[in-house]
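Here the structure comes first, spelled out in structure tokens, and everything after it is commentary.
Here is the naming used below: chain letters follow the sequence lines, and residue numbers restart at 1 for every chain.
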2 protein chains.
Amino acid sequence: MVSDEADSGSDSPPLLSGDSEALSQFIENMGLYFEDYGIPRIGGRILGLLLVARRPVSPEEMSEVLQVSRSSISTNLRSLLMAGLVERVSLPGERSDYYVISEEAWERSLEMRLEGIQALREIAEEGLQGLDAGHPARQRLEEMLSWTAMVEDAYRKLLEAWQSRKEVPA
Amino acid sequence: MVSDEADSGSDSPPLLSGDSEALSQFIENMGLYFEDYGIPRIGGRILGLLLVARRPVSPEEMSEVLQVSRSSISTNLRSLLMAGLVERVSLPGERSDYYVISEEAWERSLEMRLEGIQALREIAEEGLQGLDAGHPARQRLEEMLSWTAMVEDAYRKLLEAWQSRKEVPA
DNA sequence: CGATTGTTTCAGTCTTGACAGAAACAAGTG
DNA sequence: CACTTGTTTCTGTCAAGACTGAAACAATCG
């Protein structure tokens, strides 16, 4: 679903290069993957494109390469910006804005998972307060609570590990 | 959104007890939470109900307590069964089937996360094959790959830790 | 072997939200 | 200060799928 009829009247360096069939497939797969997780397919495809592009990409180019309307690009881009997954860069002497994958995209992704599990832990805590001492369901909610706590802890550690992955190279 | 007008002509032990306002809230929160993650809201509410119920619950009771049609219960129950989050139990002398949260529900939940991240790693691997050696995007995809590998590893460890949480109590 | 009770499947309705196209808006340039 | 270019907002359309009620199906009991 990726057509590279860009470059129309442009002398900018090529956007994509390499096995374009594989890259199209990659972009499409990203779209499908994210769709499974509640992110609009086009948003996922934008991320895919930004991941394999040789240089920052303008909304106009996204629209051409992904074959979707500019308004869709605009809407999805805004969501991705707000989620901290994409960043705007100003290319010197260019009037249009250009976008790249955020440096912290993967970190943000972990943070979002962390937030999700925290929310679930809070639900468990509140639910537990509605059960009397000897209630047969208490055990289940306590198990849920310890599960969320355990996963939350793992995410925290993962986040730290990821953040400090560059230090101590050897 | 939970009305406990069950018990209609029944002498079975009560389904819910405790702070019913809090429990309703819990069930509703579970529905909303799961909805955010692509699971039908009713499915989430069923899980919530099963978590705080005093005993196994029949589809009929779910329909009454959650105020949704039996066919919705049936459909969602089937999904939950297939996902391994819910189990059927046969109550002796009862004609209707009863359901409980699966013992392995939380474990299954981790397994599903693991499968998700594996899929993403495969996407990254395939995409990487479409990029030539010196391609500026290689670094990004390699970072994506190492991120997925790291998260995948963490999930595996988490899964093991959860599975063996009962052994070695002291 | 009807009749009752419980469960699943089916077809239709309704809601949600993604997307497109057009209009509105900004900003920069001659 | 028009005019061009680029971006966002708005409105309408469309598709996906969650949910319901009714019909079909099983199984059990008198």
Next item on the list: Could you check B:Trp162 against B:Glu107 for side-chain contact (heavy atoms from CB on, under 4.5 Å), going step by step and ending with a plain yes or no?
Entry: CA-CA 7 Å; B:Trp162 178 254; B:Glu107 187 175 323; 4.1 Å; yes
Checklist line | For atom CZ of A:Phe34 and atom P of C:dA18, their distance in whole Å | finding: 15 Å
Item checked: Whole angstrom value for the distance that separates P of D:dA18 from CG of B:Leu32 -> 15 Å
Notebook entry, point to check: So B:Glu61 and B:Arg55, salt bridge (charged side-chain N to carboxylate O under 4.0 Å, His left out) or not? Walk me through it.
Noted result: CA-CA 11 Å; B:Glu61 289 168 328; B:Arg55 54 171 178 74; 2.8 Å; yes
Item checked: Salt bridge flag under 4.0 Å for residues A:Glu111 and A:Arg108 -> yes
Next item on the list: Mind calculating the distance between CD (B:Gln67) and P (D:dT20) to the nearest angstrom?
Entry: 10 Å
Margin query: What verdict does the side chain to side chain donor-acceptor pair (under 3.5 Å) test give for B:Glu104 and B:Ser102, after you've listed the backbone C-alpha separation in whole Å, the side-chain angles of each residue and the deciding distance to 0.1 Å?
Written below: CA-CA 5 Å; B:Glu104 300 88 30; B:Ser102 164; 3.1 Å; yes
Next item on the list: For A:Asp36 and D:dG17, give me the distance from atom CG to atom C1', rounded to whole Å.
Entry: 14 Å
Note to self: So if I apply the side-chain contact (heavy atoms from CB on, under 4.5 Å) rule between B:Leu47 and each of B:Ile42, B:Leu85, B:Ile39, B:Asn76, which one comes out positive?
What the structure shows: B:Leu85
Check: Quick one: which of D:dG21, C:dC19, D:dA18 gets closest to the side chain of B:Pro40?
Finding: D:dA18
Notebook entry, point to check: If you count the non-hydrogen atoms of other residues, nucleotides and ligands that lie under 6.0 Å from CD in B:Glu103, is the total more than 12?
Noted result: no
Margin query: What is the distance, to the nearest angstrom, from the CD atom on A:Glu35 to the P atom on C:dG17?
Written below: 14 Å
Notebook entry, point to check: Touch check for A:Ser96, heavy atoms < 4.0 angstrom, all strands: base, sugar-phosphate only, or nothing?
Noted result: sugar-phosphate
Checklist line | Proximity to the side chain of A:Arg70 - top-ranked nucleotide from D:dT20, C:dA20, D:dT7 | finding: D:dT7
Next item on the list: Specify the separation, in whole Å, of atom CD1 of A:Ile42 and atom C1' of C:dA18.
Entry: 8 Å
Notebook entry, point to check: Expressed in angstrom and rounded to an integer, what is the separation of B:Arg41 atom CZ from D:dC19 atom C1'?
Noted result: 12 Å
Notebook entry, point to check: Taking atom types as modelled and ignoring hydrogens, do the side chains of A:Glu126 and B:Gln25 form a donor-acceptor contact shorter than 3.5 angstrom?
Noted result: no
Check: Is it true that A:Glu142 and A:Arg138 make a salt bridge, defined as a side-chain N closer than 4.0 Å to a carboxylate O?
Finding: yes
Margin query: Any side-chain N or O of B:Ser72 below 4.0 angstrom from OP1/OP2 of D:dC19?
Written below: no
Next item on the list: For the side chain of A:Pro59, starting at C-beta, report the closest nucleotide among C:dT7, D:dT7, C:dC19.
Entry: D:dT7
Check: Does the pair B:Arg156/B:Glu160 count as a salt bridge with the N-to-O cut at 4.0 Å?
Finding: no
Next item on the list: Please state whether the base of D:dG21 and the side chain of B:Ser71 form at least one donor-acceptor pair under 3.5 Å?
Entry: yes
Next item on the list: Specify the residues of residues 73-86 of chain B, ordered by number, for which at least one heavy atom lies under 4.0 angstrom from an atom of DNA chain D.
Entry: B:Asn76
Next item on the list: Sugar-phosphate atoms are those with a prime plus P, OP1 and OP2; base atoms are the rest. Using that split, label each nucleotide of nucleotides 23-30 of chain D B, S or - for protein heavy atoms under 4.0 Å, 5' to 3'.
Entry: --------
Next item on the list: Let me know the distance between OH of B:Tyr98 and C1' of C:dT7, rounded to the nearest Å.
Entry: 14 Å
